[in-house]
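See structure below.
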Amino acid sequence: MIEVVLSDRLGKKVRVKCNEDDTIGDLKKLVAAQTGTRADKIRIQKWYTIYEDHITLKDYEIHDGMGLELYYN
Amino acid sequence: MANRTDPAAKSIRGTNPQNLVEKIVRSKIYQNTYWKEQCFGLTAETLVDKAMELDHIGGTYGGNRKPTPFMCLVMKMLQIQPEKDIVVEFIKNDDYKYVRVLGAFYLRLTGIDSDIYRYLEPLYNDYRKVRRKSPDGNFMLTHVDEVIDELLTRDYSCDIALPRIKKRWTLESLGVLDARKSVLEDDFEEEEEKDEMEQDGLEEEVAHEKDYYRARSPARERERDWRRDSHRHRDRDYDRDRDYDRERGRGRDRERDRDRDRDSDKDRYRLREEKEYGYERERDREREGRERDRRDRERGRRRSRSRSRSRERKRHGRSSMSPRRHEAEDGNAPEESKKKGKKEKKEKKEKKDDGTDHPDPEIAEANRIRASLGLKPLKL
């Protein structure tokens, strides 16, 4: 279980607990459950890399405590 | 200048009609080349020409959420706000199905509740195919009546949040609308009579009971064939059943149909009475229950696969767990899954294996959310 921190540019900071083998799509659903936006409106980025829905966190080498950027579509 | 709403336009739901589309999607539409080139200075007449050229519907697609021309035209209609007559003409026209869907969408966004039901329900009889652009950029097949169903039952479509409308039965109880008359009612009555005559021949049914586990009984098969044939003139209920059969995979539904068949054959004598109460109502109830069942069962079934593996591992680890519980479930497992409804048993299992009863409340809460989303519990 790892905990990922997602923050958007308007001050919203969300800590999400997830498994390493969850996909980005699952992570988006968890974030949507916590923030109230729709899952398909969320875009997760790291600088200019947009993370794609079907790849797992492990493959993206997202570790515990890592911060990701939250944008909206 | 080009993006301002017509100053003569009324405000819809208390705001600028263009605000029905949310900010981010709206900006995406304004930056789109189709909007800038083709939708500049459109009037109601020229809009019709553009609408006739449409060949797919959809919301935003791709990595940078590009809007479809359909969305741009919806936006244009919100901007110029054509008269209700024009919109009704769009809906009534039979030749161009995309114009119809465009008119229906616009009416759903801007019309009053009774108008929406009155004009959109006849479109349930339109079963033509429609191309839909999915969010990843590929095309999907759908039908006009499926789109209408989505407009009337969901609150989000094509990346636009649809305004809330009153439920149909509220309007019926207010007397604004009549009760819904299905086009298939005559067909229903015919089928009822046919089924009643079949039930008189009980001996045939008994002989076929053995086939239930494998094949479908002739009565059910005939019904299924009829369902498939009445593909053309469809009722909303059948449409949904058929679509779920098609989309969700025959395997699961066949099992459930088998369960239903078995149950309904046991209650054969009662079934006749039920039919007298009204076929449609039974189906409505069943449909509602079915959707819930389906969701729970799919989730349960998905889980059961992972659970069988994890349960073996846990059996070694959790020696403190009461052995009686394990044995009882093992013994019952093969029988129960065949005879009783699966739902109850899956609920019991969920509490055990989903980690929702974890001592740490945060983790339990996280697991609860994951379970509701259909994800596996956290690995600690």
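Computed over heavy atoms, backbone and side chain alike; hydrogens, waters and symmetry mates excluded. Chain identifiers are assigned alphabetically (A, B, ...) following the order of the sequence lines, protein sequences preceding nucleic acid strands; residue numbering begins at 1 within each chain.
Between B/Leu54 and B/Pro69 there is a side-chain heavy-atom pair separated by less than 4.5 Å. Under the 4.5 Å side-chain criterion, counting only non-hydrogen atoms from C-beta, B/Ile160 is in contact with B/Phe105. The closest side-chain heavy-atom distance from A/Ile62 to A/Ile24 is below 4.5 Å.
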Show the pairs of one donor and one acceptor atom, one from chain A and one from chain B, lying under 3.5 Å apart.
from	atom 1	to	atom 2	distance (Å)
A/Met1	N	B/Lys379	O	2.8
A/Lys17	NZ	B/Glu362	OE1	2.8
A/Asn19	OD1	B/Lys379	N	2.7
A/Asn19	ND2	B/Pro377	O	3.0
A/Asp21	OD1	B/Lys379	NZ	3.2
A/Asp21	OD2	B/Lys379	NZ	2.4
A/Asp22	OD1	B/Arg370	NH2	3.0
A/Asp22	OD2	B/Arg370	NH1	2.9
A/Asp22	OD2	B/Arg370	NH2	2.9
A/Lys41	NZ	B/Glu22	OE2	3.1
A/Lys41	NZ	B/Tyr156	OH	3.0

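Taking CG of A/Leu27 as the reference point, atom CG of A/Leu57 lies at 5.5 Å (rounded to 0.5 Å).
Applying the side-chain contact (heavy atoms from CB on, under 4.5 Å) criterion to B/Ala366, with sequence neighbours excluded, gives B/Leu378.
B/Pro163 approaches B/Leu20 most closely through the heavy-atom pair CG-CD2, 4.4 Å.
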